[in-house]
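Whatever order the structure lists ligands and atoms in, that order sets their numbers, starting from 1. Note that the structure is predicted; figures quoted are calculated from it, not measured. Values reported hereafter were calculated over all heavy atoms of this structure, with side chains retained and with hydrogens, waters and symmetry mates removed. Numbers here are sequence positions counted from 1.
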Amino acid sequence: MRILMVCLGNICRSPLAEGILAQKASEAGLDWEVDSAGTNGYHIGEQPHLLSQQVARLHGIDISEQRCRRLVKEDIHRFDRIFVMDRDNYTAVKRICGESWQAEKNDRKVTFILDLLHPGEQREVPDPWYGTEKDYHMVFDMLEKACDRLIAQYRQEA
Ligand code: 4NP
């Protein structure tokens, strides 16, 4: 399985999602490739936000090696599942993919990450960019529950 986590900046939410899922998949003995990307290019090459790094570290996850990158349209072919954090991300993924977007296939491939917990509700992971450490903890908890569910679902289906 190749899984891509997508947010706006690839600096707060999706690096956390990548770090959490990579660690959990590895602990579960799953040989998954996990990556993340942003729909804008404001922070290309940067490390994740210090608060994302700090909150991850408190949970024993090191995301300091990650570097921000921008989503490219080839990603739609490279990955089996693409999880977005919010509606703006979803719209941007479609826009960036352009003619590479095939509705029938990609409507199943690209989904809201919180749909793992609340199917079809398209709930959003709030952007903590202007928030405090508390907001990063809240985001971590949401993403951790979603990643646990993804692994449980995969095992059930396998
Ligand atoms: P993210 O948060 O999408 O969770 O990485 C943001 C990071 C940067 C900006 C906005 C949101 N920004 O405007 O630079």
Min side-chain heavy-atom separation [X]-[Y] under 4.5 Å:
X	Y	value
His49	Pro15	no
Leu143	Leu21	no
Arg13	Trp129	no

Could you tell me, atom by atom, which parts of ligand 1 come under 4.0 Å of a heavy atom of [X]?
X	value
Cys7	1 (P), 3 (O), 4 (O), 5 (O)
Tyr42	12 (N), 13 (O), 14 (O)
Asn10	5 (O)
Ile11	5 (O), 7 (C), 8 (C)

Hey, does [X] come in under 3.5 Å of ligand 1, counting only N/O atoms on both sides?
X	result
Ser14	no
Pro128	no
Asp127	yes
Leu8	yes

Note to self: Taking the basic N atoms (NZ, or NE/NH1/NH2) and the acidic carboxylate oxygens, is any pair closer than 4.0 Å for Arg78 and Asp75?
What the structure shows: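 Salt bridge flag = yes for Asp75 with Arg78.
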Notebook entry, point to check: Of all the heavy atoms in His43, does at least one lie under 4.0 Å from an atom in ligand 1?
Noted result: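 Under 4.0 Å: yes for His43.
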Closest approach of [X] to [Y] (non-hydrogen atoms, all atoms of both residues):
X	Y	result
Leu51	Thr132	CD1-C, 4.3 Å
Ala17	Cys147	O-SG, 4.2 Å
Arg87	Glu124	N-OE2, 2.8 Å

Notebook entry, point to check: In terms of residue, atom name and distance, what is the protein heavy atom nearest to atom 4 (O) of ligand 1?
Noted result: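 For this ligand atom, the closest protein heavy atom is Arg13 NE, 2.7 Å.
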